[in-house]
Each structure stands twice: as C-alpha cells, then as structure tokens.
Amino acid sequence: MIAEVIVDVAAHPIDRPFDYAIPLHLQVLVEPGMRVKVPFGPRKVLGFITAIKETSEFDPARLKPIHELMDVVPVLNDELLEMAKWMKIQTVCFEIDALQVMIPSALRAKYEKRFVLNAPLEDIAEPLRRYFEKRPFVRSQDAVEVYDLLKKELGRGTIVADTDISQQTAVKKVRMIHITDSLEKLESIEIRPNAKQQVKLMAYMKNHTGKAIESSRLQKEAGVSLPTIYGLVEKGAATINNEESYRDPLLEATIEQKQSLKLTEAQQTAFNAIERSLNTPKTFLLHGITGSGKTEIYLQTIDQVLKEGKEAIMLVPEISLTPQMTLRFKERFGDLVAVLHSGLSAGEKYDEWRKIQRAEVKVVVGARSAIFAPFQNLGLIILDEEHESSYKQDDSPRYHARDVAIWRSEQHNCPVILGSATPSLESYARAQKGVYELLVLEKRAKNQPLPDVQIIDMREELRNGNRSMFSVPLAEAIRERLERKEQVVLFLNKRGYSSFVLCRDCGTVMQCPNCDISLTYHRSSELMKCHYCGYDEPVPHTCPECESEHIRFFGTGTQKVEEELAKLVPEARVLRMDVDTTRNKGAHEKILSAFGEGKADILLGTQMIAKGLDFPNITLVGVLSADTTLHLPDFRAAEKTYQLLTQVSGRAGRDILPGEVYVQSYTPEHYAITLAKDQLYEPFYDQEMSMRRASGYPPYYYVVNIQFTHEDLMTVAGYADQSVRYLQSQLSASTIIIGPSASLIARVNNRYRYQCLIKYKKEPKLADVLQQLIKIYRSEWLKKGATLSIDMNPTSVM
DNA sequence: AGCACGCCGACT
DNA sequence: GTCGGCGTGCTC
C-alpha cells in the first residue's frame, strides 16, 4: 500500500503529493486525512495523507516508508481534502497552506532540531557530556555555546542530528474523582474522629454518592486538600481517573435559555423563503437596514435546521464576535453551540474544534476560519455582515469565506445566507442578476426611526476660523449630552491618522530606514515604530536632519483627540478604545461593559467601536472625519466609506431615546456621504456601479493583483515588466493589464515592491496562464531572490 | 523551505 | 594543508 502525502513545506517545487510506502503494522490504521511524520530528504517533516493507493509511478525501490502515524482519527474529512485542491486552484496557493488553515493551530507541527547521543557517553568530548547526562539528546537551541564541539562529534557519528516534531497543544486531562455509589461502602469505612479533614470529606461524599467530580472542584467544594482525597481513595471511598476534558472559557456562567421572539411580517416573509429552500444549494442575500432584526431570522432558521437533524455554521466578523453576540446564541442553543474566535487560547480553540468533529455540537459561531468546521451534515451557512473585508484572508491561502461557503453549500445541498445592511457591490449585483435571491427588510424591528444624521462641512468651519477637530455644532451637541447625562460615541477613522513627527524648521518627517513609510509615534512606549517591518527607535529630542529642537508630533491619533477633548469638555469622563488600549486579552469587552454601565460619558475609538455597540443611552455619535477612507487610492474607497458611516450611525438611538449623528467632512457633497445620511443603499449602489463600470472594476471586472518584491529596484521592475508582457501575450484582448507600477508603499523591509493588476471579464485560460507565470518565476527569478504573490479578487488594490 | 554537496579564499 | 563561504540542486 502506498500513501500520497502533501508535505509540510510551502515551496513551489514541493507543492504536489509525494508517495510513501505504508509499513505493514500501519496498513489497517491509515486513512486519508490523517497526519503522518515522513522522511523528506535528509530530515523529517509532517504531512497529510491525501490518498491511499496500491501502486506508485515512482520507482518502488526508492519509496521511503511513513515514519509515524500522528492520528487515530483523520483530522480532515474527504470534503475538506477535496476543498484544499479546489482552494489551491482558486486562490493560487500551496495545497499545504490550504490544508493547514483547516485545522486548529494547536494541531500544527512544532519542529525542534536536536542532537541525539549515538554512542556511549564516555565516547564523546568531555565538555559535552554534561549536556547528555539527564537525557540522551539536547535541544539545538540549548547547546549554541558548544556548537563546534557538537559538529565534530556529528562528523564522528557519535551524535546524530534529528528533528523532533510535536503538536503545539495536547488534549487536556483532568483528575476525576469517582465517588462510589454504595452508601454502605462509605459507611463501612472507619475514620478516626480527630482526622477532621477526612470527616469533612466523608460527609460530602455521602451526599454525592455515585457522582464524578473534578478533583480541583472537589477540593474547593468540600474544603479539603488533595492528600485527604487520596486518603479516602485508598480506603475505597472513590476511584481516581485521568480523563480527557474540554477547556471551558465560560465555565462558571450559567446561561438562561431563551425562547424565539415573534417575527415581524417582513422577517416572517424572509424566513419563509429560506425555509422553503432548506435543502437546496441556494444563496440568499438578506439586505436589512441596521436594527432590522436579521439575527432573529438567523436564529430561527438555524433552529429549523437543527430540527431536521442538520448542522449550521454562522460566520461573523471577528470584530463583532462580542460576548453579547455569543451569549445570544448560547441562550438559544445552549450546549449545542461551539464558539471560535481569536480571544480563545490555542487549546480552547482545539477543544471547540473537537466538539465539532465529534458531532457533540450542532452550531458553530465563529470568525472567518470557522467556515472549515468539520461538520458532516451541514444544513445552513450564514455570513453576517457579508460585506466585511475580514472575510478575505490577507495572506496565503488568500481565500474568501463567502466563496468557501458557497462551495460547501453545493457539497451539502444547503443554503447560504449573506446578511448585511450594506451589501458588497459584488453580492448585490449578483442578487440583481438573480444569481442570489434577494430578501429585504426595510424597517427596524422595534420600529424606531433612523437616527437623524447631520453632515458638517469642515471647510466652512475652517473659513470661520475653527481649526480644531471639533466643529462648533458637534462640540455643542457633546456638551448638551453631558448635561442630559446621555452618552456619546466619537469615531475616528484610524487609517491615515497615524501620528508622525515633523521638524518645523526643515520639514523632515521621520522615516523608517527599511521602508518607504513614516514612523508612527507611540506614546505608551515612547518609541517611534514602523508598522510594516517592526523597526523602532527612541523618540528624538532634536531633528535627526538639522538638529533643530523645533520638532513636534503631528497627526490625530485617538490619543491626540483625547487631549483636545479634555480641553473642550474637561469634566467629561472619556474612555479610549484603540489598538493601544485593547492589547490585553479581554480589554475590549472590559471597556465596552464599563461604558455600558455608564462609567464614562464619551467613548472614543477607531473602527472597532463601529460594531456590536448596543447601549440604550447613546444618543450622539460623532464621526470626526468621514474623508479619511474616502480618499484612499482604492476602488473600494467609496463603498467602505458608505458602509462605515451607515454602521456607525446605527450605534445611535437604538432604544427609546432618539439618536443623532454628526458627520464631519471636507467633501460633504460626496455621494458616499450624502447617501449614507439616510441609508439610501439603492441610489448609492446605482451611483457606485456606474463609477465601477467607468473605471473597469468589480463587479464589472474580476481583478487579480500580482505583487513582486526584490532587494534591487531595477531588478524587480524588470521582472514585473517581463511578467506584464507575458500576460499580455497570453490573455485575451479584452483583458486589461494595469502597470507594472511601484506599490503604494514602494519599499518594505529593504525590499522594493512592484505590482500589476489584471482586470478581466472572462478568461478561461487564466489559471493556466498564472501557473505558467509561476513556472517562469520558479525557474528564473526565485533563485535571484525575488518573490511573487498573487491575490485573486483582492479586497483592495493599494 | 531546509539541507547536503561542491568548489574557491584566509587561517592553524 | 583544512575550515568555511554560499551557489545549486534535490526532496517520494
């Protein structure tokens, strides 16, 4: 028997199956989807078995045997193995990358080089001996100081090099105490009356006969120590057993179960449409304005799917995967829900994943990668906020969860629901063409009016001599809320707002020495940092160019706004939420709950506050500058701005108190801003579509972004140029190729970056042509130190 | 991607 | 004369 193995090496020439002999003792155990340790050249690596067959094209005499089987149960099922092949073609990635992204990171291999003793200890050089006294091997990283000695022994063969492969996190085991179910047995046990601890424990046990309890919990509940437990175990009152367990992030919380809400008429119509198609691979676009009750439709549809004995996946953007959100699912589906988000440790994610694999749960709520949940009997996939760019992974494999969802829906004959208040133009266009079925919710569920949105012309403010970042009306409105004891959310578009350092004498802006980008000032660490390569240096006191002392910090990060706010309304209690204040685990929810409890008057933050914020006392939302996303050199700039403004305005007036929104802009007449004011999606869609048509961008054209990097500017420009000429010669005449041109950030980490853009409507040869291009790169440019990366359907083209 | 093999310069 | 630099070629 022969196994085809995709080996854990992400490199072009290795991106294909390698055949291995299956040793006799493993032949009854191996299955496709299991992980194996295999010899690969001079080393050992992990790999995935993708197929089992009887014969190999490869010279049978040169076949190597599988070294070790890592799983007893496959970690990937046939569907996922098949999907990896599909992803490889769709996203132009290595098959190994596709396979790896489907399993929890805890199962990914950890490689550790080490030196293993291969002769009696006395045979090796004396200074080395102490390293091998305890164990017959030493980790490479622990022996750097005797590297040369080791090398000599390596030459003599008294020591051999080896790679230890282990997975990152194992199954958690706990000590379970099984109390005997026989009361007579307990009563027959004699305890000396002065052994007070044992008396206490015995009393507890008599009340809990036949129960199994984790030892740490028993210690807490009975108020005794571990030796006491062991004492009674010896006397036969209980048995101890190490058992597999799950790490439970919500351990102590008891969640009250809740019933379905009554659907409004519009909700009911949408629900019925989906219910009718529960066993068809159909995609719905659920377009409902903010607050229209999409979540309730999701919940009830999932309920329906569970009743049919099937499973459901619910994807949400990472950023809105808040405790509020997950709670709502736990309330409805209890223990049948697994939650996967970035706040969990690798071990916790692994445990949630095992619950899915073992079919102990029926619903998964999670971010992007939860789309790979190994369900066997999928009945429904939902993508909430389907327009969110976080559904596209921005490194290999550059997959879009929406595409994977639709692919899976075809495998399982189940529907996909794409939900959004501001659908992506791609999805809405497909709905218009009838590829997706459009479902619309026009009213808010509780019938609240949309918040009143004011657009403030900041040019006017400037003309009137107001140079601060708060317009007069906004400042006025903030003061008003403070008096009324209502809450304010201030929103700052982070992009384009990083604080930099400028010399007022010579105009120098501090740049990263490795990248063509200015350094960002971080007050918490007093460092200037580069966000692209990680370079940092202390904040200078004089200008590095002209030594002038007149340097100052520019830009308006949230910290800067906070300072200005303190001048404007000194009495206000302000909470700031940005990357700096949410770095620690759980900080995000802490800030939100503090705000929810009314511990602050103003919440000031970036993107991350745009979602999931649902507090009744917020009556004012201020957008400090709507322009920052609007003027980015990207075809999605207007779409993103519209989505953001709609999203942010939706935070105000979600309950009884009416909400008001102030949007400050230097281009207040732009359609993305004026149409977001009243959430006029259709007119926005029409307008933006005509822009896309004129400029040849999605949904009218598909886009591929190809990026080249090299240490040398002329070299990379040359390769990019050759590539474009090759593509032009191979692709059809109607396909447009833009570039090559230097990337927006032309140098990162001392490597120059070039890119080109392919825009096409129909290009059946595309996958093949791209593979050809990769071949050229592999045979000629790779060894010269160039990199090439391909992004199919990029979310942005900057 | 690693790792070994292989062919040319500065050291014991 | 050897240690070691990194070019190039292979991995079932």
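Reminder, nothing fancy here: chain letters follow the sequence lines and each chain counts from 1. No hydrogens, no waters, no symmetry mates; every other heavy atom, side chains included, goes into these values.
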To the nearest Å, give me how far apart [atom1] ([X]) and [atom2] ([N]) are.
| X | N | atom1 | atom2 | value |
| --- | --- | --- | --- | --- |
| A/Asp59 | C/dC12 | CG | P | 12 Å |
| A/Phe58 | C/dC10 | CZ | P | 12 Å |
| A/His12 | C/dT8 | NE2 | P | 20 Å |
| A/Ile22 | C/dC12 | CD1 | P | 16 Å |
| A/Leu63 | C/dC12 | CG | C1' | 6 Å |
| A/Arg108 | B/dA1 | CZ | C1' | 17 Å |
| A/Lys783 | C/dC6 | NZ | C1' | 16 Å |
| A/Asp8 | C/dC12 | CG | P | 15 Å |

Short N-O contact, A/Asp351 and A/Lys355, less than 4.0 angstrom: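 Salt bridge flag = no for A/Lys355 with A/Asp351.
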
Between [Y] and [X], do the side chains contain a donor N or O and an acceptor N or O under 3.5 Å apart?
| X | Y | answer |
| --- | --- | --- |
| A/Arg751 | A/Thr709 | yes |
| A/Asp97 | A/Ser396 | yes |
| A/Gln100 | A/Asp8 | yes |

Ring-face cation contact, A/Tyr350 with A/Arg354, 6.0 Å cut, 45° max: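 Positive - A/Arg354 is close enough to the ring of A/Tyr350 and near enough to its axis.
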
Cation-pi geometry met for A/Arg139 and A/Phe137 (6.0 Å, 45°):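 Verdict for A/Phe137: no cation-pi partner in A/Arg139.
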
Pairing annotation in dot-bracket form, given for DNA chain C with Watson-Crick or G-U pairs under 3.5 Å and | for cross-strand partners: |||||||||||.

B/dC3 OP1/OP2 closer than 4.0 Å to side-chain N/O of A/Lys113: yes

N/O (side chain, A/Arg16) to phosphate O (OP1/OP2, C/dC12) under 4.0 Å: no

A/Asp71 side-chain N/O to A/Pro74 backbone N/O, donor-acceptor pair under 3.5 Å: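 Not at all, since once roles are kept as given, no pair shorter than 3.5 Å links the two residues.
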
Test item: A/Lys53 side-chain N/O and A/Asp19 main-chain N/O as donor-acceptor pair under 3.5 Å: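 No; zero donor-acceptor contacts below 3.5 Å.
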
Sugar-phosphate only, base, or nothing, as touched by A/Ile14 at under 4.0 Å among non-hydrogen atoms: base

Validation row, ring centre A/Phe375 to ring centre A/His412 under 6.0 Å: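 Ring-ring flag for A/Phe375/A/His412: false, centres at least 6.0 Å apart.
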
DNA chain B-proximal residues of residues 37-45 of chain A, any heavy atom under 4.0 Å: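 Heavy-atom cutoff 4.0 Å gives A/Pro42, A/Arg43.
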
